[in-house]
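As structure tokens, the structure follows; a few thoughts come after it.
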Amino acid sequence: QVQLVESGGGLVQAGGSLRLSCAASGRTFIRYVMAWFRQAPGKEREFVAAIRWSGGSTYYPDSVKGRFTISRDNERNTVHLQMNSLKPEDTAVYYCAADRYLRTTAGDYEYWGQGTQVTVYS
């Protein structure tokens, strides 16, 4: 089992920044791909970013590429999502996820956090 707890969400003006964190506990954190997804009201859960165990490979959809950065600290069992140049359309609940394999579909991930709300106002 892997337990994930997100933090760092909040209310921010468009153009601003937020940094989300995800603390992991349980099984060996280093073995897992870590990812962030988001879900806006009435929409499906959307892939935002992923990082392999080594931290050397990261993946983003075009919607956030160049604005969001995922990173991980394997010694502290944490993963972060730095979000810059935020837009109102980034408003959603953001979820941390973990799995042994890197995928971009939410249904493929085994472990999930409870989510943290990010609201961007114009």
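Quick note: numbers below take in every heavy atom, side chains included, and nothing from hydrogens, waters or symmetry partners.
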(message) So which atom in L4 and which in A98 form the shortest heavy-atom distance, rounded to 0.1 Å?
(response) CD1-N, 3.9 Å

(message) According to side-chain hydrogen bond (donor to acceptor under 3.5 Å, both in side chains), who are the partners of T119, at least two apart in sequence or on a separate chain?
(response) Q117

(request) Not counting sequence neighbours, which residues clear side-chain hydrogen bond (donor to acceptor under 3.5 Å, both in side chains) with E46? List them please. (result) R38

(request) Please examine the side chains of Y60 and I70, heavy atoms only from C-beta on, and report whether any two atoms are closer than 4.5 Å. (result) yes

(message) If you apply the rule side chain to side chain contact (heavy atoms under 4.5 Å, CB included), what do you find for M83 with Y94, and how did you get there?
(response) CA-CA 11 Å; M83 304 185 295; Y94 283 70; 3.8 Å; yes

(request) Please tell me if the side chains of R67 and K87 come closer than 4.5 Å, counting only heavy atoms from C-beta onward. (result) yes

(request) Quick one: name the residues clustered hydrophobically with V5, using the 4.5 Å side-chain heavy-atom rule over I, L, V, M, F, W, Y, and just say none if it's on its own. (result) none

(request) Not counting sequence neighbours, which residues clear side-chain hydrogen bond (donor to acceptor under 3.5 Å, both in side chains) with Y109? List them please. (result) none

(request) May I ask you to decide whether D62 forms a salt bridge with K65, counting only side-chain N to carboxylate O separations under 4.0 Å? (result) yes

(message) Less than 4.5 Å apart, side chain to side chain, heavy atoms only: is that true for T91 and Y121?
(response) no

(request) Give the C-alpha distance, both sets of side-chain angles, the deciding distance and a yes or no for side chain to side chain contact (heavy atoms under 4.5 Å, CB included) between W36 and L20. (result) CA-CA 10 Å; W36 288 94; L20 305 183; 3.7 Å; yes

(request) Would you check if Q114 and E6 make a side-chain contact, meaning some heavy-atom pair closer than 4.5 Å? (result) yes

(message) Is any side-chain heavy atom of V79 closer than 4.5 Å to one of I51?
(response) yes

(message) Suppose clustering is done on Ile, Leu, Val, Met, Phe, Trp and Tyr with side-chain heavy atoms closer than 4.5 Å. Which residues sit in the same group as Y101?
(response) none

(request) Would you check if T69 and L81 make a side-chain contact, meaning some heavy-atom pair closer than 4.5 Å? (result) no

(message) Just checking E44: does its CD atom have more than 12 heavy atoms from other residues, nucleotides or ligands closer to it than 6.0 angstrom?
(response) no

(message) With side chain to side chain contact (heavy atoms under 4.5 Å, CB included) as the criterion, how do F68 and V48 come out once you've worked through the C-alpha distance, each side chain's angles and the decisive distance to 0.1 Å?
(response) CA-CA 8 Å; F68 290 10; V48 173; 3.5 Å; yes

(request) Please name the pair of heavy atoms, one in K43 and one in Q39, separated by the smallest distance, quoted to 0.1 Å. (result) O-NE2, 3.1 Å

(request) Determine yes or no for a side-chain-to-main-chain donor-acceptor pair under 3.5 angstrom, with R72 supplying the side chain and R52 the backbone. (result) yes

(request) Can you measure from CD (Q82) to OG (S21) and round to the nearest 0.5 angstrom? (result) 9.5 Å

(message) Tell me every residue that passes ring pair (Phe, Tyr, Trp, His ring centres under 6.0 Å) with F47, counting only those two or more places apart in sequence or in another chain.
(response) F37

(request) Could you check H80 against S71 for side chain to side chain donor-acceptor pair (under 3.5 Å), going step by step and ending with a plain yes or no? (result) CA-CA 5 Å; H80 303 286; S71 61; 5.3 Å; no

(request) Starting at OG1 of T58, measure out to CG of L102 and round the result to the nearest 0.5 Å. (result) 10.0 Å

(request) Side-chain contact test, heavy atoms from C-beta onward, threshold under 4.5 Å: evaluate it for V33 versus R100 and give yes or no. (result) no

(request) Show your reasoning for whether side chain to side chain contact (heavy atoms under 4.5 Å, CB included) applies to R45 and Y95. (result) CA-CA 9 Å; R45 197 163 292 190; Y95 296 91; 3.4 Å; yes

(message) I'd like to know whether S17 forms a side chain to side chain donor-acceptor pair (under 3.5 Å) with N84, so could you lay out the CA-CA distance, the side-chain angles of the two residues, the decisive distance to 0.1 Å, and finally the verdict.
(response) CA-CA 4 Å; S17 299; N84 300 327; 2.9 Å; yes

(message) Which heavy atom of P88 sits nearest to which heavy atom of A14, and what is that distance?
(response) CD-CB, 4.0 Å

(message) Can you confirm whether V118 sits close enough to L18 that some side-chain heavy atom of one is under 4.5 Å from a side-chain heavy atom of the other?
(response) yes

(request) Starting at CG of N77, measure out to CD of Q3 and round the result to the nearest 0.5 Å. (result) 11.0 Å

